Amino acid sequence: MLVGCTSGQVDGNGPPATGAGAPSSGAPNSGVASGGATSTVAGSTNSQGGAAPIPAFEPAPGMLRRLTRAQFGNALHDLLGVDVSTSDIDPDSWDGDFAVIGASTVVTTENGVEQYQAAVEAALNTVFTDSTKRAQLLGCTPTGVSSDTCIRGFLSTIGRRAWRRPLEVTEIDQLASVAELAATTLGSAFEGAHWASVALFASPNFLYRPELGADGPDGVRRLTDYEMASRLSFLLWNTVPDQTLLDAAASGALATAAGIRAQVERMLGTQNGRQSVGDFAEEYMRLDRIGTQAKDSVLFPEYDSTLQTAMVRDMRGTWEAVAFDDQQSALSLFSTRKVVVNAALAKLYGLDASGLDAKTFKVLTLPEDSPRLGILGKAGFLSQFANQKEGSPTLRGKFMRGALMCVTIPPPPADVNAMLADLPADQPMTKRQRLEQHRTKPSCAGCHGQMDPLGLPLENFDAIGRFRTTDHGLPIDPSGDLDGTNVADARALGIAMSSSTKIAQCLVRNYYAYASGHVARPVDASVLNELAASFQASGFKLRDLVVDTITHAAFSTVAPQP
Amino acid sequence: MKALNRRTVLRGMLAGGLAAAIPLPLLEAMLNESGTALAQSATPLPPLYVTWFFGNGVLPALWKPTKTGTGTNWELSPQLKPLAGVKSHLTVISGLEGKLVVAGVEHPSGSAAATTGAPLNGNAVRAPSIDQIVADVISSGAPFRSLEVGVTPATPNGNQDSLHTVSHKGPSAMNSPIYDPKAVFTRLFVDGTAPSTGTGQDQAAKLAKVRKSVLDAILQDGARLNQRLGAADKHRVEQHLDAIRAIELRLDSVSNTSSLPAACGSAKTPTVGKDSGSEAPPAVNTVMAELTTLALACEKTRVASFMFSLPAAHVYYRHLASNMNDDFHDTICHTDPGDKSNQPRVDTGVQYTMRCLNEFLTKLQSTPHGATNLLDATLVYVTSDTAWGKVHDRTEWPVLLAGKAGGRLAGDGHFNFPGENLSRALFTVAQIMGSTKPDFGLDGGKVSAVLPGIHV
């Protein structure tokens, strides 16, 4: 059993339920009040049933966002052709429940800065000790003096992508003088280029993304063209812009909604474009946690890095497939039979693994009557909300209620007696039985009643997501409840969730937060409502939600920094 | 002769695979004749500081000594027994209450209460943690402002910063623990150090010169960026630049080989790797205790946070006994039958935790420092994220000060302050370490009075 409503299994996950003095807390959980049968996302209803007035939209203040671990890795990969281990980089902040939001407040501490320096030096060491890679990167042969056109041209070209804007002459001068000093001191013009590159990639201009805006002639403060290019690129590709996008910024094409739309369509059409949805899913579903979790190696010998990698790819790939291949409603995520598997994950799902190995992935379809369905049936979800030995209906249900349904779970009353009767130690019990007191004791049921009935249908899946029919030798009862509707099992739960408009509205709220880089505020209500309406009109198509969010005027406006 | 003794002691200490000869940088020439103060200024050696943190609390009825007092007037409780060898250096503070603990988020709010004395703001802390407040007072001039290490990364994986570290430079400024002993070693003894002789030295000096020009460029970029930012972001960039300046200072000390404790840089990489099974293995504790001791002994830093286990650690002490292969947080603390004095598997875990603490304290004690030893010179603040894990009890918070802080703690005592705010312990620690701030903490954690009788 977990003890009381105050169980640490619960409080260890997700946004805090309390928000006193905490305006930025709990993105997925805050303030959704569905207006009855309407599709209102952010409006609220008063006790008389009338809609409260919706406040006018106000732009959020400009931000300085640090590259997330993923963005740092992707950018070095794209610009230098070097793969860095992002787990060695200062951790992302999840304040706001997305790394791309925490990025606007995270402070890089001493060891964090050392880790950036070390990663950048290591990456450039890899490039400059390999004459082929070096030649590819430079494209010319440097002479070692600061006036050298080779080094200046190189810095200007790579600098424009790395810093997401043209470098000023003084900036090129400064980097070129680093190159000259290094070339002279170390006796090699290549060493000059090497260390100037270190200065370029260890610069705050690479590591942080200013999105400060500038006042337009109409008095409206908008992101500058280059800031917009950077925002589009990191949002859709999770990496630095390409030349085409920077050229669009240079030409002023990103100053209009039509110009932005054209670039968004182009970017979504590339292979990287699918990742716009995959990267969102990775943060929303907290797939970063998978690689950090240990499991009991006796119970789950198959839980290794190959399987963990596959779990991430399966979840990302399914979101991408629903958005870009099926072009189906986002809600079909809960009922899709698609899985993206390598041999290890196919085996875990009980599918034919022929033709697959550790690194070969295929999109397969689960059997028509599969008890496993949709993203909630995926190992990448199930294994995460579990400890080393068993799954947690409470944690699974809490994530579903909070992040997927945008419902705040109230904190237990401060004076609750958290002491429950000890359960008999010598008698096998199912998890459902062990959690019984949480659903029946009034002081607990207030919050656990909102979590456990969502998680209990997933009891057919163990701590790494394998299907099972017994728990401690006893048959599992997988029945549960979705907002008053009984569901027989995980399959029925997935199907029920796939017709929930509330979940679609919650998705809008979360994608908006992810795209705009800040938690949805009361003054975002009108924008959220518009996006929810267009999302519904599109048949809940994820790709449309992406395009509509980015081309909304709110996406490009910004307030001055305080 | 004294230096030779230190080397000998260190040689014996380095069982975890570290290299042998480690002379100490606290050079004889720098000390007065009795070795208690710096020779030129007669300034007493500043005390050193460590936060030693463990998750999931204790069994309060087995943790709290029955009698208060000093010397023979008090006796170790069952859960403090593993520390018997250093009883003379223990100051147990009982009765404190974690008044900032919030229902539903007990572990993150308890962690913040016990280290920052302030409530959470969303997922971030609102105030710096005690180690960083101490670092503000004593770290100036040290190569590293502070060191953070962890024995196990086991975590409930929640979003709150205070679940992932107990060292915060401020809001959203997490000093994340390093879990890989090799990475700790590299940070302290490899980066920024170099061969001290011959062509290697020449090349190192050249590289240091080049690196400095890179760092200067970064500082200038940062200064230009800062002109465009509002106050909050300016502060963020400034902290980044402070870290760059710290790297620069360390490069200076490389160029100046006369002050470089050369053999501190010739230690060998540890052979023990990171805990990959979330089980806090003894071998990782041993090597982290060695590295932290070395960091203090070699004057790499004066402030460290040793996270034996994180708040609400989902740790599996399966190496202790066959019946311990369960989630210590979920299963053992929360669901094992029994009360504050009788949850046998919880006791097994706490006893192990205290044995691991004892290993660290003993290493400090056996490492000479000036005329005394590191345990005499250091204040080790030992605490947890909750009092009793089963129900997240907030009363009888486990607080223990180990070491004598250079004579500012008497040691060998048990003081009871029933119902007093946990923050008062933090404020007392800050004052002992030389902070002149008039108060500590925020909101319900704000206090402005020390616990009487602790600071000698």
Side-chain angles (χ1 to χ4, degrees), chain A residues 1-4 6-18 21-22 24-25 64 90-91 93-95 97 105-111 113-114 117 174-175 178 181-182 185-186 195 198-199 202-205 210 212 289 292 294 387-389 411-412 414 416 418-419 422 425 561-562, chain B residues 102-108 120-124 144-145 153 156-161 163-164 169-170 172-176 187 191 206 209-210 213-214 217-218 220-222 225 228-230 233 236-237 239-240 243-244 246-247 276-278 312 314 316 327 329-330 334-335 337 390-392:
Chain A
M1 82 183 173
L2 303 171
V3 177
T6 56
S7 161
Q9 273 208 350
V10 176
D11 63 41
N13 168 59
T18 54
S24 69
S25 71
L64 182 76
D90 204 29
S93 162
W94 291 85
D95 204 18
D97 300 319
T105 49
V106 69
V107 175
T108 313
T109 51
E110 279 204 9
N111 191 40
V113 170
E114 292 164 32
Q117 298 294 121
Q174 181 181 289
L175 291 167
V178 170
L181 182 134
T185 308
L186 300 172
W195 287 96
V198 172
S203 170
N205 292 326
L212 305 171
R289 290 172 175 161
T292 68
N387 65 27
Q388 287 201 27
K389 295 169 82 172
V416 66
M419 197 66 183
D422 285 332
Q561 287 209 311
Chain B
V102 174
V105 285
E106 290 88 348
H107 289 285
L120 294 170
N121 175 16
N123 293 332
F144 293 91
R145 175 182 159 85
N157 246 333
N159 284 356
Q160 295 91 353
D161 289 353
L163 285 177
H164 297 275
K169 197 173 180 205
S172 298
M174 281 197 288
N175 291 310
S176 300
R187 182 177 189 217
D191 279 356
K206 286 177 176 174
K209 182 178 172 190
V210 170
S213 81
V214 168
I218 292 169
Q220 289 179 44
D221 285 345
L225 176 61
R228 304 169 55 210
L229 300 174
D233 282 340
R236 291 169 65 212
V237 171
Q239 293 190 67
H240 189 117
I244 295 288
I247 296 173
S276 60
S278 288
H314 285 208
Y316 288 67
D327 192 308
H329 168 270
D330 289 4
H334 276 304
T335 76
K390 187 169 187 176
V391 296
H392 305 120

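Naming convention: chains lettered A, B, ... in sequence-line order (proteins, then strands); numbering from 1 in each chain. None of the values given here were measured: they were computed from a predicted structure.
Between Lys206(B) and Thr185(A) the shortest heavy-atom distance is CD-O, 3.4 Å. Of all heavy-atom pairs spanning Asp422(A) and Lys390(B), the tightest one is OD1-NZ, 2.8 Å. Summarising the geometry of Leu181(A) relative to Ser213(B), their closest heavy-atom pair is CD2-OG, 3.7 Å, with the distance given to 0.1 Å. The two atoms that bring Ile218(B) and Pro204(A) nearest to each other are CG2-CD, 3.7 Å, heavy atoms only. Between Trp94(A) and Asn123(B), the shortest heavy-atom distance links the atoms O-ND2, 2.9 Å. Contact between Pro210(A) and Arg228(B) at its shortest, heavy atoms only, is CG-NH1, 4.1 Å.
Within the 3.5 Å criterion, the main-chain N or O of Thr108(A) finds no donor-acceptor partner in the side chain of Arg236(B). Using a distance-only test at 3.5 Å, with no hydrogens or angles considered, no donor-acceptor pair links the side chain of Arg145(B) to the main chain of Glu110(A).
For Ala217(B), the parts lying under 4.5 angstrom from a heavy atom of chain A are both the backbone and the side chain. Interface residue Leu229(B): backbone and side-chain heavy atoms are both found under 4.5 Å from chain A. Heavy atoms of Leu64(A) lying under 4.5 Å from chain B belong to its backbone as well as its side chain. Only the backbone of Pro562(A) comes within contact range of chain B, with heavy atoms under 4.5 Å apart. At a 4.5 Å heavy-atom cutoff, the contact between Ser276(B) and chain A is made by backbone atoms alone.
A heavy-atom distance below 4.5 Å is not found between the side chains of Met174(B) and Val107(A). Looking at Ser176(B) and Asn111(A), their side chains never come closer than 4.5 Å, going by heavy atoms from C-beta outward.
A distance of 8.5 Å separates OG1 in Thr292(A) from NE2 in His164(B), rounded to the nearest 0.5 Å. Residue Asp233(B) holds its CG atom at 7.5 Å from CG of Leu212(A), rounded to the nearest 0.5 Å. Taking OG of Ser203(A) as the reference point, atom CG of Asp221(B) lies at 3.5 Å (rounded to 0.5 Å). For the atom pair CD (Gln239(B)) and OG1 (Thr109(A)), the distance works out to 8.5 Å, reported to the nearest 0.5 Å. Here the straight-line distance linking atom CD of Gln160(B) with atom CG of Asp95(A) works out to 9.5 Å at 0.5 Å rounding.
For His240(B), the ring-ring contact (aromatic ring centres under 6.0 Å, His included) criterion is met by Tyr208(A), not counting sequence neighbours. Asp161(B) is linked by a salt bridge (charged side-chain N to carboxylate O under 4.0 Å, His left out) to nothing, counting only residues two or more places apart in sequence or in another chain.
Between Lys389(A) and Asp330(B), no side-chain nitrogen of the basic residue sits less than 4.0 Å from a carboxylate oxygen of the acidic one, so the salt-bridge criterion is not met.
Side-chain atoms of Gln388(A) and Asp327(B) include no donor-acceptor pair closer than 3.5 Å.
With Val210(B) as the fixed residue, the side chain to side chain contact (heavy atoms under 4.5 Å, CB included) test singles out one of Leu186(A), Val178(A), Val198(A): Leu186(A).
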